[in-house]
Structures are given as C-alpha cells and as structure tokens.
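Below is one structure, written out as structure tokens, with a few remarks after it.
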Protein chains: 2
Amino acid sequence: MLGFKLSVMRKKESTNFENEQFLFQVCELNSAIAMISGRWKSQIVYSISKGNDRFHLIQQELPNISETVLARQLKELETHAILVKQKIPNTIPLGVQYVLTNKGLDLVPILEHLCDWGKLYADGKEISTCSIS
Amino acid sequence: MLGFKLSVMRKKESTNFENEQFLFQVCELNSAIAMISGRWKSQIVYSISKGNDRFHLIQQELPNISETVLARQLKELETHAILVKQKIPNTIPLGVQYVLTNKGLDLVPILEHLCDWGKLYADGKEISTCSIS
DNA sequence: ACAATAACTAACAAAATTGTTAGGCTTTAA
DNA sequence: TTAAAGCCTAACAATTTTGTTAGTTATTGT
C-alpha cells in the first residue's frame, strides 16, 4: 500500500506556506532564520561545534530533549546541509558521528554574535532610541 | 468580570514551556533566536532599518501580511525592546512611527550576516566537510 | 452625514511545531 | 537468553504559531 505519510506533510495550499515562500523570495535572511529557528536546533549546532559529535553526547548536554525529538532535529539540520551523519569506522556497534559542513561551520560565528547580543541586553544594558522626534 | 484572556495565554506547566526556559538558561543564544524567529519578524526589523517606519509603509513592503498579524508582530518586537512606538508630533491624525532601539540597531548587522550566509549557500557554493574520518 | 485612511484589538479557526508512546535494529556483556 | 547501549522511526496528542473575521477609535475630505 503506497502513500502512507512519514511524519506529517506540510500543507502546500495554505496561506501560511505561501507567506513563508514569499519571505524566502524577498530575502535569504528569512530562509536562514527558518533553518536555525527550531527548538533545540542552534544549541545542537553549537554543541557539535564544541566537539559533542555523538548522539549520546548531545543528549548529555541537553538532558531534557527526548531521543525522538533529537533525532528529528538532527535530520532537519541534515536536510539543510548544516551537518552530515557519518559512520565511524572501527566502532562496535558501528557508531554515528555528526559533523558540521562548511555551511554549518560558517554559521557558528554568527550564532556567537547572536549570543553576545542576547547577553549584552540581558545583562541590563539600558535600551534607548536615537530618534529625533 | 475579571480574568478574560487577551490573545491566548501560554501554558506555563507544559514540557514545551519548560524546555524553552531550560534553553534560555543554557545560553542567551536561545532567547536571542526566540526574539527574532517569528514569521515576518526579522524582515520587519530590516524594513524599519531601511526607513519604512510607518505601519502602512511596512504593509507596502510586505503586501501579504494582514493588519492583525503585522500589529501582533510589532507588539512582540516592542515587548522585546527591539523597537518602540512613538507618536509623531504635528501629524493629523496623530501618526505612529516605529523606531529601532539600540538593541534593535545592534541586531541589524547580525541579520545582514545571516542574510549573506543564506545567499552564499543558496547560490550553490558546494558544501563539504573537513572531517578526518 | 458618509466614506475613507491609519492604526489598532478580541475572539476564533487553521496549520505548524513540539513532545509522547511504542516500537525497530544491532551488538556486547552477564 | 536476557538485558542494555546506541541510534532511529511511525503514529499520535498537546501546545503554539499563524491567519481570519469582525469589530474599534479618531480624523479628514465630500
């Protein structure tokens, strides 16, 4: 029997989908943000960049994530070519290692900028405007 | 009669909420991404940074956004102190202008980096890994 | 008086994301 | 042979995000 669904398919005729496509075509900024904005996702990228390249190592860093959810987010990051899965030779049972692509590696400093930005204003730096009014 | 709800309140006892809070406390990166990751949001910030500082000017740039949704996203950006709403003196009827705070202004170059990153890999730069394997 | 513009809001519905349950496979250790 | 570690999947339920409908207020032009 054909046509069963893997996870839940996205609806292609919805306004939601059309608006997303519209934004993707306005500027790559929007596709970039879509790629990194899922729950756990950028933290996973950051974690891998620090050397936690195995499934169970990421789980140790993020104990609240479930296996299913971690596997799903890793697959999405793989779909966007931010990372690749590699079999580790000479491991028994055959292990899997997650490796950032150069696309993923280029993302890391941007995430660090975002992190700094978040810290700067979280630490209470006063917020002002420079408007003329 | 008290206790009616403005928009729909977030559920505070859910795993979803707890996981979000956990990530916020792991690294400000996650709160930073939460602030910019809503549909239309970073495009609105970018649009204001280019001088489209009025409600109807943003609507012109993003014709597919509805008034309700635009107002909602602007309010969320205001909640995160990325922008402020200002009455424009000597306009009739009294106009409203959206002005980026310094927090919002500091965000703009980061969004530009993200945009460049998106463009670089969208334009077909080959993706590779540097793993030893 | 009436329509139009600008800038909103509440309540609701549709769709998407996130989390849960219950499995799967392969190999080693007990 | 049973259990555990490591990695993964499908189906479903809970929650959140996004979009829609139908209003509001205030002012100007006709």
Side-chain angles (χ1 to χ4, degrees), chain A residues 1 3-23 33-41 43-44 52-60 62 64-76 78 85-88 90-98, chain B residues 1 3-23 30 33-41 43-44 53-60 62 64-76 78 85-88 90-98:
Chain A
M1 200 183 291
F4 60 95
K5 43 188 172 181
L6 335 168
S7 81
V8 179
M9 284 306 178
R10 183 116 196 237
K11 219 170 171 178
K12 296 276 169 52
E13 345 70 56
S14 66
T15 305
N16 187 305
F17 182 78
E18 280 166 26
N19 285 347
E20 190 182 53
Q21 296 300 308
F22 169 79
L23 283 170
I33 286 180
M35 286 183 227
I36 62 169
S37 66
R39 175 72 44 90
W40 309 103
K41 237 173 239 164
Q43 194 60 49
I44 290 169
N52 296 319
D53 61 354
R54 300 289 304 264
F55 197 92
H56 65 278
L57 294 176
I58 301 170
Q59 278 187 300
Q60 275 166 33
L62 303 173
N64 297 299
I65 199 171
S66 75
E67 282 177 46
T68 312
V69 170
L70 177 53
R72 192 155 63 206
Q73 303 293 33
L74 284 167
K75 184 180 279 186
E76 285 178 26
E78 205 189 358
K85 231 182 270 194
Q86 287 181 343
K87 316 269 181 187
I88 309 173
N90 310 323
T91 50
I92 281 171
L94 192 62
V96 174
Q97 155 180 258
Y98 297 93
Chain B
M1 202 183 290
F4 60 95
K5 43 187 171 182
L6 336 168
S7 80
V8 180
M9 284 305 181
R10 183 116 196 238
K11 218 169 170 179
K12 297 276 171 51
E13 345 69 55
S14 65
T15 305
N16 186 306
F17 182 78
E18 279 166 26
N19 285 346
E20 190 182 54
Q21 296 299 308
F22 168 80
L23 283 169
N30 298 294
I33 286 180
M35 286 183 226
I36 62 170
S37 66
R39 174 73 43 89
W40 311 102
K41 237 173 238 167
Q43 194 60 48
I44 291 169
D53 60 354
R54 299 288 302 262
F55 197 93
H56 65 276
L57 294 175
I58 301 170
Q59 276 188 302
Q60 275 167 34
L62 304 173
N64 297 299
I65 199 172
S66 74
E67 283 177 47
T68 312
V69 171
L70 176 53
R72 191 154 62 205
Q73 304 293 35
L74 285 167
K75 185 180 279 188
E76 285 177 27
E78 204 189 359
K85 229 181 273 193
Q86 286 180 344
K87 316 271 180 186
I88 309 174
N90 309 323
T91 50
I92 281 170
L94 192 63
V96 174
Q97 156 179 257
Y98 296 94

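To find a chain, count down the sequence lines: A is the first, B the second, and so on, and within it residues start at 1.
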Rounding to an integer number of Å, can you tell me how far [X] [atom1] sits from [N] [atom2]?
{"X": "B:Leu57", "N": "C:dA6", "atom1": "CG", "atom2": "C1'", "answer": "11 Å"}
{"X": "B:Leu70", "N": "C:dA6", "atom1": "CG", "atom2": "P", "answer": "13 Å"}
{"X": "A:Phe55", "N": "D:dA5", "atom1": "CZ", "atom2": "C1'", "answer": "12 Å"}
{"X": "A:Asn52", "N": "D:dC7", "atom1": "CG", "atom2": "P", "answer": "12 Å"}
{"X": "B:Glu18", "N": "C:dT20", "atom1": "CD", "atom2": "C1'", "answer": "14 Å"}
{"X": "B:Gln21", "N": "C:dG19", "atom1": "CD", "atom2": "P", "answer": "13 Å"}
{"X": "A:Gln60", "N": "D:dC7", "atom1": "CD", "atom2": "P", "answer": "11 Å"}
{"X": "B:Glu67", "N": "C:dA10", "atom1": "CD", "atom2": "P", "answer": "15 Å"}

Next on the checklist: D:dC7, OP1 or OP2 - any side-chain N/O from A:His56 closer than 4.0 Å?
Outcome noted: yes
Checklist entry - Is the shortest side-chain N/O distance from A:Lys75 to OP1 or OP2 of D:dT9 below 4.0 Å? => result yes
Item to check | Full working for side chain to side chain contact (heavy atoms under 4.5 Å, CB included) between A:Glu18 and A:Phe22 | outcome: CA-CA 6 Å; A:Glu18 280 166 26; A:Phe22 169 79; over 6 Å; no
Next on the checklist: With side chain to side chain contact (heavy atoms under 4.5 Å, CB included) as the criterion, how do A:Asn64 and A:Trp40 come out once you've worked through the C-alpha distance, each side chain's angles and the decisive distance to 0.1 Å?
Outcome noted: CA-CA 10 Å; A:Asn64 297 299; A:Trp40 309 103; 3.9 Å; yes
Next on the checklist: Closer than 3.5 angstrom, by distance alone: can the side chain of A:Arg39 be matched with the main-chain N or O of B:Asn16 as a donor-acceptor pair?
Outcome noted: yes
Item to check | CD on B:Glu76 to CD1 on B:Ile44, rounded to 0.5 Å | outcome: 9.5 Å
Checklist entry - What is the per-nucleotide protein-contact pattern of nucleotides 14-19 of chain D, from the 5' end, where B denotes a base atom under 4.0 Å from a protein heavy atom, S denotes such proximity for sugar-phosphate atoms only, and - denotes neither? => result -SS-BB
Next on the checklist: If I compare all heavy atoms of A:Lys41 with all of A:Ile36, which pair ends up nearest, and what's the gap?
Outcome noted: CB-O, 4.0 Å
Checklist entry - After noting the C-alpha distance and the side-chain angles of B:Leu70 and B:Leu62, does the key distance pass the side chain to side chain contact (heavy atoms under 4.5 Å, CB included) rule? => result CA-CA 9 Å; B:Leu70 176 53; B:Leu62 304 173; 5.8 Å; no
